[in-house]
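Each residue takes its place number in the sequence, starting with 1.
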Amino acid sequence: MAERPFVHLHCHSHYSLLDGANRIPELVAHAKSQGMNALALTDHGNLYGAIEFYQECKSAGINPIVGYEAYVAPGNRGEREARRRGEAGFHLTLLARDNTGFRNLIKMASSAFLDGYHYVPRIDKELLEAHEEGVICLSGCASSEFSELILKDQLDEASRLAAWFARIFGKNFYVEIQNNGLDIQRQCAEGAIHVARKLGLPLVATCDAHYLCQGDSAAHDVLLCINTGKTRNDENRLRYGSDQFYVRAAEEMYRLFPEHEDAVRRSQEIADGCCIELDFKKRHFPVFAPPKARVPNTTFVSSVTPACATGTATTRPRRRASASSTNSASSAGWASPVTF
């Protein structure tokens with residue numbers, strides 16, 4: 001570990017679809033080459049890369065911190081009032097501190113798709129409160145609710161929101177500051193530092209990393225164009241505004257935050273407190289609870305699927321295969337009747 005340690009706690013992979021350009025093997029190898037002993041994955045709205053990331057980190061001998069950058073609905077996740085994507089949800093950085101936290105992230109991410117999808121998969125404050133155990137919460141990037149209040153110069157409201165997060169997550173809530181060379185991040189950081197001091201909350205510095213090296217900025221810009229259906233010469237398209245969204249080395253982070261080295265160092269402290277262990281040898285079957293007063297026997301099966309129990313199910317028609325495809329069709333099971 002470096003003398004002045006830092007761990008990336010806000011990092012995107014290609015599972016941040018058409019936004020992140022980091023491939024997980026290269027991402028992990030890069031962090032390892034920089035002397036880091038841990039790394040977090042925080043893709044937009046999903047945990048698609050969690051298992052690949054976990055296994056890659058374990059193979060490389062570094063601590064995997066599984067998380068994701070959640071979209072949080074302005075109100076209830078079931079509401080559909082937003083008329084464009086940018087209004088549908090705020091960003092929030094969530095990390096699993098332990099196995100319980102990982103399970104809670106899975107529950108929230110699943111509910112976001114099943115119950116809260118509107119432009120993006122969204123959770124809400126109700127879910128955060130119900131599934132806070134084992135979860136570390138960072139206040140988020142410039143697209144978070146906390147940052148939006150700061151940018152609107154509503155510091156009292158930002159303080160109240162931070163106090164709510166601190167009440168829910170306790171010592172596992174941190175005020176996040178970033179510096180990828182954007183003025184908007186500087187404004188957010190100034191307000192965030194003010195609120196953190198006012199409420200006595202800990203700061204943590206992160207790097208919003210969307211690609212591996214600084215030289216990958218142009219390729220990432222092309223990726224954004226594919227995402228939005230634009231061309232690079234379109235002056236009104238989405239842009240990141242700098243070439244600084246890469247996986248920085250620790251010393252670069254300390255240079256970016258000369259007055260807040262403790263916030264950079266705290267990333268390592270957070271990482272040291274994270275530990276999840278996934279068992280891939282154990283079989284994880286869902287637990288089904290039958291309705292009240294029912295028992296999981298043939299009587300219950302008969303009531304649910306009478307056709308199966310009585311043998312009156314119909315037979316799927318035989319698919320006729322051409323001479324050229326008889327062998328492949330037979331091997332796939334198409335030539336035989338299937339009963340239900």
Side-chain angles (χ1 to χ4, degrees), residues 10 12 15-19 41-50 66-97 100-176 184 188 191-192 195 199 201 208 227 238 286-287 289 291:
H10 192 128
H12 296 270
Y15 289 104
S16 285
L17 304 179
L18 294 179
D19 187 14
L41 184 68
T42 56
D43 282 315
H44 282 306
N46 71 72
L47 293 163
Y48 299 158
V66 177
Y68 86 116
E69 189 169 16
Y71 296 106
V72 184
N76 185 282
R77 66 186 182 277
E79 297 173 353
R80 303 290 189 270
E81 296 180 0
R83 292 294 174 263
R84 57 182 182 177
R85 175 172 175 168
E87 299 172 352
F90 300 107
H91 294 200
L92 188 68
T93 313
L94 301 175
L95 307 171
R97 184 167 53 87
T100 299
F102 179 52
R103 286 192 293 270
N104 278 326
L105 290 187
I106 293 173
K107 290 175 183 177
M108 286 192 280
S110 298
S111 182
F113 276 97
L114 295 171
D115 308 322
Y117 200 98
H118 182 55
Y119 292 101
V120 290
R122 308 172 307 160
I123 62 173
D124 58 15
K125 291 186 176 67
E126 178 188 29
L127 277 178
L128 286 168
E129 194 164 4
H131 301 295
E132 52 77 27
E133 185 180 358
V135 175
I136 293 170
C137 177
L138 314 185
S139 61
C141 65
S143 296
S144 69
E145 183 179 7
F146 179 67
S147 294
E148 179 168 297
L149 292 171
I150 291 172
L151 293 171
K152 290 180 177 178
D153 201 26
Q154 298 175 356
L155 291 183
D156 289 341
E157 288 83 351
S159 296
R160 282 193 286 271
L161 179 63
W164 182 87
F165 279 118
R167 178 175 63 83
I168 299 302
F169 291 95
K171 64 180 182 179
N172 292 319
F173 174 66
Y174 299 84
V175 175
E176 185 174 3
I184 192 174
C188 290
V195 171
L199 300 180
L201 297 173
D208 194 359
N227 184 345
L238 174 67
V287 177

So which atom in [X] and which in [Y] form the shortest heavy-atom distance, rounded to 0.1 Å?
{"X": "Arg122", "Y": "Asn76", "result": "NH2-O, 4.3 Å"}
{"X": "Gly101", "Y": "Ala96", "result": "C-CB, 3.8 Å"}
{"X": "Ala162", "Y": "Leu201", "result": "CB-CD1, 4.0 Å"}
{"X": "Glu79", "Y": "Gly75", "result": "OE1-CA, 3.9 Å"}
{"X": "Leu199", "Y": "Ala163", "result": "CD1-N, 3.9 Å"}

So, does [X] use its side chain to make a donor-acceptor pair with the main chain of [Y] at under 3.5 Å?
{"X": "Tyr48", "Y": "Ala50", "value": "no"}
{"X": "His118", "Y": "Ala82", "value": "yes"}
{"X": "Ser110", "Y": "Ile106", "value": "yes"}

Inset, instruction - Find the distance between OG1 (Thr42) and OH (Tyr15) and round it off to the nearest 0.5 Å. - result: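 Thr42 OG1 to Tyr15 OH: 15.0 Å, rounded to 0.5 Å.
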Inset, instruction - State the CD-CD1 distance between Glu157 and Ile150, to the nearest 0.5 angstrom. - result: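 The CD atom of Glu157 sits 11.5 Å away from the CD1 atom of Ile150.
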Legend entry - salt bridge (charged side-chain N to carboxylate O under 4.0 Å, His left out) against Arg80, all qualifying residues, sequence neighbours excluded: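 Checked Arg80 against salt bridge (charged side-chain N to carboxylate O under 4.0 Å, His left out); zero matches.
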Legend entry - Sequence-distant partners of Glu87, salt bridge (charged side-chain N to carboxylate O under 4.0 Å, His left out), two or more places apart: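 By the salt bridge (charged side-chain N to carboxylate O under 4.0 Å, His left out) rule, Glu87 matches Arg84.
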Inset, instruction - May I have all residue pairs that pass ring pair (Phe, Tyr, Trp, His ring centres under 6.0 Å) and include part of residues 76-97, sequence neighbours excluded? - result: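 Qualifying pairs, neighbours excluded: His44-His91, Tyr71-His91.
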Inset, instruction - Find out whether Lys107 and Leu127 are in side-chain contact, i.e. whether some heavy atom of one side chain is under 4.5 Å from a heavy atom of the other. - result: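 When only atoms from C-beta onward are counted, Leu127 and Lys107 do not touch, as no gap falls below 4.5 Å.
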Legend entry - Results of ring pair (Phe, Tyr, Trp, His ring centres under 6.0 Å) for Phe173 - residues two or more places apart only: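 With neighbours one apart ignored, the set is Phe165.
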Legend entry - Within residues 138-148 or reaching into it, pairs that qualify as salt bridge (charged side-chain N to carboxylate O under 4.0 Å, His left out) - sequence neighbours excluded: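 Of all non-adjacent pairs touching residues 138-148, those that pass salt bridge (charged side-chain N to carboxylate O under 4.0 Å, His left out) are Lys125-Glu145, Glu148-Lys152.
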Considering only distance and modelled atom types, tabulate donor-acceptor pairs under 3.5 Å from the side chains of residues 129-144, sequence neighbours left out.
unit_1, atom_1, unit_2, atom_2, d
His131, ND1, Asn104, OD1, 3.2
Ser139, OG, Glu176, N, 2.8
Ser144, OG, Ser139, O, 3.3
Ser144, OG, Cys141, O, 2.9
Ser144, OG, Ser147, N, 3.0
Ser144, OG, Ser147, OG, 3.1

